[in-house]
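Residue numbers start from 1 in every chain, and the chains themselves are labelled A, B, ... in the order their sequence lines are given, proteins ahead of strands.
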Number of protein chains: 2
Amino acid sequence: MQCRIMIPNRDQAPIERCQKCSVRHKAVCGALNDAELARLNQIARTRQIKPGQTVFSDQEQPEFFANIVSGVIKLTKTLSDGRQQIVGLLFAPDFLGRAYGGESPYLAEAATDVELCCFPSDNFEHMLGDFPDLEHRLFENTLDELDSAREWMLLLGRKTAQEKVASFLLMIAHRAPNIGCAHSDEMNFVQFALPLSRADIADYLGLTIETVSRHFTKLKSDGVINIINNREIAVPDIDMLANRADLEDAL
Amino acid sequence: MQCRIMIPNRDQAPIERCQKCSVRHKAVCGALNDAELARLNQIARTRQIKPGQTVFSDQEQPEFFANIVSGVIKLTKTLSDGRQQIVGLLFAPDFLGRAYGGESPYLAEAATDVELCCFPSDNFEHMLGDFPDLEHRLFENTLDELDSAREWMLLLGRKTAQEKVASFLLMIAHRAPNIGCAHSDEMNFVQFALPLSRADIADYLGLTIETVSRHFTKLKSDGVINIINNREIAVPDIDMLANRADLEDAL
DNA sequence: CGCGGTGTTGAAGGCATTCAATTGTTGTGG
DNA sequence: CCACAACAATTGAATGCCTTCAACACCGCG
């Protein structure tokens with residue numbers, strides 16, 4: 001099994017593989033020139049992950065870092081009695097792993113089918129020292145993650161369930177185009193696939209499954225969204241949804 | 001007024017001032033050697049801030065970064081209708097400011113009397129390029145902030161009011177010794193000063209003032225804490241408090 | 001002493017949760 | 001192709017926790 005998911009591809013022409021890579025310039029690799037990229041490529045291994053499968057355990061020393069080539073990874077924290085909270089969602093071309101971290105402070109698992117480009121921890125941390133641009137890129141990445149985390153703190157602490165659900169849909173609508181699961185015909189119309197189950201959405205918003213479901217149907221009956229099926233949502237007017245995200249306007 | 005709070009101290013012997021500084025080795029300056037420190041010191045200005053005073057506005061391009069020499073700074077985000085959430089607390093010797101950020105995504109204001117050691121943005125960002133160790137230190141700082149933010153997301157999304165209040169007291173009890181406002185006589189006994197008002201605590205925990213107050217008195221009547229006065233708390237048995245933080249055990 | 005600010009306490013109400021039952025979806029084997 | 005099981009999602013009714021609104025106590029200060 002271990003050998004099935006860690007596919008060596010040293011045999012490919014190093015740079016060629018990266019040149020064909022869909023996230024070559026958007027991921028952290030974008031900070032590297034060809035020579036540096038060749039070195040990184042030498043230690044890189046692709047890996048396929050199934051939905052629900054664990055990538056890093058809690059309290060475990062991760063053995064690799066990774067670029068997300070496709071799919072969505074969720075980062076979760078858990079209380080002793082089982083209550084869960086998703087503390088981060090990673091989309092392609094995000095970077096997975098905490099540099100200089102020791103053990104991972106949270107559980108990382110696949111929310112969808114995921115393709116990773118993995119780098120062994122020790123090799124990669126060594127490269128960080130050699131390539132300042134790479135570390136700098138990771139730093140900026142981390143700053144963005146911190147901003148998102150704080151944005152979500154505002155949501156968790158102060159928004160109503162309705163606003164939470166609307167904010168979530170809005171966030172997916174904005175990020176989905178980059179992961180190729182959305183299309184937009186007219187100006188304000190968007191349709192996209194949800195990368196998360198209702199249970200995951202609840203864990204992300206600090207709500208229960210039932211509350212999430214109720215507000216989906218409320219948004220539907222208010223004409224703000226169209227539920228094509230459980231995983232496919234259409235938004236006729238994105239501004240209308242945005243209004244629901246910040247402030248419960250009347251009724 | 002501007003001239004009153006930006007006190008030039010170029011006249012002091014550069015290194016001497018830093019050598020006497022209480023956070024010399026704990027703050028980001030710890031990453032610098034004497035020569036580098038001398039350069040940083042040349043652009044540094046100390047600044048005193050009163051409680052409630054704003055350091056950075058929302059949506060404003062900050063003109064400086066700063067080390068917190070003493071006191072506590074709160075970072076807040078606000079919804080359009082005024083609901084507030086504190087998304088970060090900074091204690092000495094933490095670093096204030098978002099590198100490479102453009103405008104600040106949140107409001108920074110003093111929770112207590114604060115002493116800052118400020119560095120003009122452009123100078124400082126330039127130094128980041130010159131001193132990789134300094135940037136590295138900031139990076140590690142940011143990673144720690146991200147961990148704290150995610151820890152707080154778990155609290156905001158999944159903990160009860162009782163657990164939130166207990167978690168807050170526990171966090172202050174742990175950090176207070178480092179900021180010189182706590183003492184511990186016996187093994188499990190701790191006493192400390194709260195750096196925040198009830199209103200600030202509420203904004204930090206995603207609760208109302210009243211709920212915070214109620215759970216303070218509940219913890220008191222349960223014998224978990226002793227309320228010396230509004231700003232002074234004694235904890236007879238810190239483990240007892242820790243139990244309240246994670247899991248509501250019976251009652 | 002009175003005043004403003006801060007914190008506490010009480011009663012009523014609302015929003016999200018909990019518990020429970022039903023419907024819908026997916027995949028598997030007959 | 002359908003029946004069936006297992007899972008995911010929706011819907012309903014009742015409970016409860018936190019909020020809201022309001023009044024009161026406390027504290028420092030002029």
Seminar exercise, completed: Rounded to whole Å, the CD1-P distance (B:Ile233 to C:dG7) equals 11 Å
For this session: Could you tell me the separation between the CD1 atom of A:Ile209 and the C1' atom of D:dT10, rounded to a whole number of Å?
Result: 11 Å
For this session: Mind calculating the distance between CG (B:Asn230) and C1' (C:dT8) to the nearest angstrom?
Result: 9 Å
Tell me which donor-acceptor pairs under 3.5 Å the side chains of residues 105-114 of chain B have, and how far apart each pair is, sequence neighbours excluded?
unit_1: B:Tyr106; atom_1: OH; unit_2: A:Arg150; atom_2: NH1; d: 2.8
unit_1: B:Glu109; atom_1: OE2; unit_2: B:Lys74; atom_2: NZ; d: 3.4
unit_1: B:Thr112; atom_1: OG1; unit_2: B:Val72; atom_2: N; d: 3.0
unit_1: B:Asp113; atom_1: OD1; unit_2: B:Lys50; atom_2: NZ; d: 3.0

Seminar exercise, completed: Atom NZ of A:Lys164 and atom P of C:dC15 are separated, to the nearest Å, by 14 Å
Hey, what are the protein-to-nucleotides 17-21 of chain D N/O distances that come in under 3.5 Å?
unit_1: D:dC18; atom_1: OP1; unit_2: B:Ala161; atom_2: N; d: 2.7
unit_1: D:dT19; atom_1: OP2; unit_2: B:Thr208; atom_2: N; d: 3.3
unit_1: D:dT19; atom_1: OP2; unit_2: B:Thr208; atom_2: OG1; d: 3.2
unit_1: D:dT19; atom_1: OP2; unit_2: B:Thr211; atom_2: OG1; d: 2.4
unit_1: D:dT20; atom_1: O4; unit_2: B:Arg214; atom_2: NH2; d: 2.8
unit_1: D:dC21; atom_1: N4; unit_2: B:Glu210; atom_2: OE2; d: 3.2

Exercise. C:dT9 P sits how many Å from B:Ile227 CD1, rounded?
Worked result: 8 Å
For this session: To the nearest Å, give me how far apart CG (A:Leu205) and P (C:dT17) are.
Result: 10 Å
Exercise. Does a side-chain N or O from A:Thr217 land closer than 4.0 Å to OP1 or OP2 of D:dT11, or not?
Worked result: yes
Problem set entry | Pairing of B:Glu145 and B:Arg98 as salt bridge, 4.0 angstrom limit | no
Problem set entry | Test: B:Asp94 and B:Arg175 ion pair at under 4.0 Å | yes
For this session: For A:Asp200 and D:dA9, give me the distance from atom CG to atom P, rounded to whole Å.
Result: 9 Å
Exercise. B:Ile228 CD1 to D:dC26 C1': how many Å, rounded?
Worked result: 17 Å
Exercise. With B:Arg198, which residues qualify under side chain to side chain donor-acceptor pair (under 3.5 Å), at least two apart?
Worked result: none
Exercise. A:Arg47 side chain to A:Leu116 main-chain N or O, any donor-acceptor pair under 3.5 Å?
Worked result: no
Exercise. In terms of side-chain geometry, is the basic nitrogen of A:Asp58 or A:Lys77 positioned less than 4.0 Å from the acidic oxygen of its partner?
Worked result: no
